Undergrad: 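Handing you a structure now.
Every heavy atom of this structure was used, including side-chain atoms; hydrogens, water molecules and symmetry mates were not. Keep in mind that this is a model prediction, so the values were computed, not measured.
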Amino acid sequence: MVSAYLLNSSDDTAQKLYDKAGAEATAAYLDIYTATAKNGEDDDSANQLQTLQTALPVLRKYDMTTDQQMDVASMFLQKASPAIRVQEQYGSDMALKYLDAYTKADADGNGKVSDTEFKNALLQSPGLSDDDIGKIYLSSKTTDDSTDEKAQTFSATYGPAGVTNYLYLQYLERAYHTAEANRKIAAGEGGNPDGSFNKSDLVNALNYMNLTNEERRAYFSIVAPTWKNPY
C-alpha cells in the first residue's frame, strides 16, 4: 500500500519519512493525515490538541520504535511544541509520555490545555515516576527565553523528583484555597476560588505533605521568599 502510494504520488513529505523511518511509520503518517484532513486539505479548524488526540492512538496500532513514533508525531507538531524540547533533552520515550499527558489534560473540555491542567495531568499519570514528571515538566517549560524559576530551583536543590514535589505542593495549595473560598461563599462571606494563593494555603499544604520541618522551611523559602517563614 505505502509503496504503491509513493509510486503514484508526489508526496515529498511521505517519501522523506519513508526513507528515514520505513513503511510502518509512513503508513501511520498517512492514516493520521487522512483522519485529520478535510476534503484532501489540511483542516485549519483542527488545533494541535485535537490533532494529537487523533494521532496517538494511531501510532500505537503500528509496530514501531519510540524513535519511529516520534518521527511520525513530529510531522503533526507545531515548530515550538514542547515535545521537541523534551525529546532533545530526554529522548523519544519521554517525549511520547509528554504527549500522552498533554492529550489527556483538557479537563474542562474547552479544546485548550492550561498550565494548571497540564500539571494535574502529569501528577495523575500512573505510568510516570516522580523523576519522569519533573523532567517532563521542566524541559517542556524551559525555552531560550523563559522557564519556571521556582521549578528550576527545586530541580537544582532536590533533583527532578523535587520538581514533582513542587507541583504537588501547588496542587494542594489550590485545593485548600478553593475549599476555603467555597466555604466563605456558602457562609455569605464572599470568596474567590480563582484568586491568588495566600500564606495559609501554603502552610496548610506544606503541613499536609510528608516532609520534615527542615524541608518545610526550605520549601517555604523557595516558594514565598518575601513572606515570614513559620518554620
Side-chain angles (χ1 to χ4, degrees), residues 11-22 24-37 42-62 64-106 111-125 127-152 154-156 159-160 163-164 166-167:
D11 190 337
D12 291 339
T13 299
Q15 183 64 60
K16 289 178 181 177
L17 181 61
Y18 179 85
D19 293 340
K20 180 181 181 182
E24 285 282 291
T26 309
Y29 162 76
L30 294 174
D31 273 358
I32 295 168
Y33 182 84
T34 300
T36 58
D42 288 339
D43 183 1
D44 293 334
S45 68
N47 63 25
Q48 179 81 133
L49 178 60
Q50 294 170 328
T51 298
L52 292 173
Q53 287 172 334
T54 300
L56 289 191
V58 175
L59 289 179
R60 298 187 184 106
K61 288 168 34 180
Y62 287 86
M64 296 187 290
T65 66
T66 55
D67 284 339
Q68 288 173 312
Q69 290 181 57
M70 277 304 296
D71 284 339
V72 178
S74 65
M75 311 298 285
F76 300 93
L77 292 172
Q78 296 170 346
K79 290 182 180 179
S81 172
I84 303 300
R85 298 195 294 274
V86 177
Q87 183 183 28
E88 289 173 348
Q89 193 161 355
Y90 295 113
S92 297
D93 182 60
M94 201 73 83
L96 288 166
K97 290 177 179 178
Y98 162 83
L99 290 175
D100 187 59
Y102 174 77
T103 56
K104 297 174 181 176
D106 181 22
K112 301 177 182 179
V113 175
S114 69
D115 186 57
T116 296
E117 286 176 323
F118 179 60
K119 291 175 182 177
N120 289 347
L122 283 176
L123 291 173
Q124 295 165 10
S125 295
L128 298 181
S129 68
D130 285 352
D131 275 4
D132 287 343
I133 293 170
K135 288 175 180 178
I136 290 172
Y137 175 74
L138 201 52
S139 58
S140 69
K141 286 296 177 183
T142 302
T143 68
D144 291 337
D145 302 314
S146 66
T147 189
D148 184 326
E149 296 290 351
K150 291 177 182 177
Q152 286 280 10
F154 270 93
S155 179
V163 178
T164 304
Y166 169 58
L167 299 183

Undergrad: Closest heavy-atom contact between Thr26 and Gly22?
TA: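 So the two residues come closest at OG1-O, 2.8 Å.
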Undergrad: State whether the side chain of Asn47 and the backbone N or O of Gly111 hold a donor-acceptor pair below 3.5 Å, judged by distance alone.
TA: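 Indeed, once roles are kept as given, a pair shorter than 3.5 Å links the two residues.
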Undergrad: Distance alone, cut at 3.5 Å: any donor-acceptor contact between the side chains of Asp31 and Thr34?
TA: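 No pair is found: no donor N or O on one side chain lies under 3.5 Å from an acceptor on the other.
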Undergrad: Verify side-chain contact (heavy atoms from CB on, under 4.5 Å) between Leu167 and Phe154, making sure each step is shown before the conclusion.
TA: CA-CA 10 Å; Leu167 299 183; Phe154 270 93; over 6 Å; no
Undergrad: Between Lys16 and Asp12, is there a salt bridge with N-O shorter than 4.0 Å?
TA: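 Looking at Lys16 together with Asp12, the answer is no, because their closest N to O distance does not fall below 4.0 Å.
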Undergrad: Do Ser146 and Thr143 have side-chain N/O donor and acceptor atoms under 3.5 Å apart?
TA: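 Short answer, yes.
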Undergrad: Can a side-chain donor-acceptor contact be found between Gln152 and Thr147 if the only test is distance below 3.5 angstrom?
TA: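 There is such a pair between these side chains.
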Undergrad: With a 3.5 Å distance limit and no angle check, can you tell me whether Ser74 reaches the backbone of Met70 through a side-chain donor-acceptor pair?
TA: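 Checking the backbone N and O of Met70 against the side chain of Ser74, a donor-acceptor pair under 3.5 Å is found.
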Undergrad: Of all heavy-atom pairs between Val113 and Ala105, which one has the smallest distance, and what is that distance?
TA: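 Shortest heavy-atom separation between Val113 and Ala105 comes out as CG1-CB, 3.6 Å.
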Undergrad: Could you go through the salt bridge (Lys or Arg N to Asp or Glu O under 4.0 Å) check for Asp100 and Lys104 one step at a time?
TA: CA-CA 7 Å; Asp100 187 59; Lys104 297 174 181 176; 3.2 Å; yes
Undergrad: I'd like to know if the side chain of Gln53 reaches the main chain of Thr103, judged simply by a donor and an acceptor atom lying under 3.5 Å from each other, with no hydrogens or angles considered.
TA: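 Yes: the side chain of Gln53 pairs with the backbone of Thr103.
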Undergrad: Is there a side-chain contact between Arg85 and Thr142 (heavy atoms, below 4.5 Å)?
TA: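 In short, these two side chains do not touch, never coming nearer than 4.5 Å.
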Undergrad: Could you tell me whether a side-chain N or O of Gln78 sits under 3.5 Å from a main-chain N or O of Gln48, the two making a donor and an acceptor?
TA: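 No.
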Undergrad: Could you check whether any side-chain N or O of Thr164 sits under 3.5 Å from a backbone N or O of Gly134, counting only pairs where one atom can act as donor and the other as acceptor?
TA: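 Between the backbone of Gly134 and the side chain of Thr164 there is a qualifying donor-acceptor contact (under 3.5 Å).
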Undergrad: Tell me, do Ser139 and Tyr98 make a side-chain contact under 4.5 Å, heavy atoms counted?
TA: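 Heavy-atom side-chain distance check fails, nothing below 4.5 Å.
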Undergrad: Counting the benzene-type ring for Trp, do Phe76 and Tyr29 have ring centres under 6.0 Å apart?
TA: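 Close enough - the centres of the two rings lie under 6.0 Å apart.
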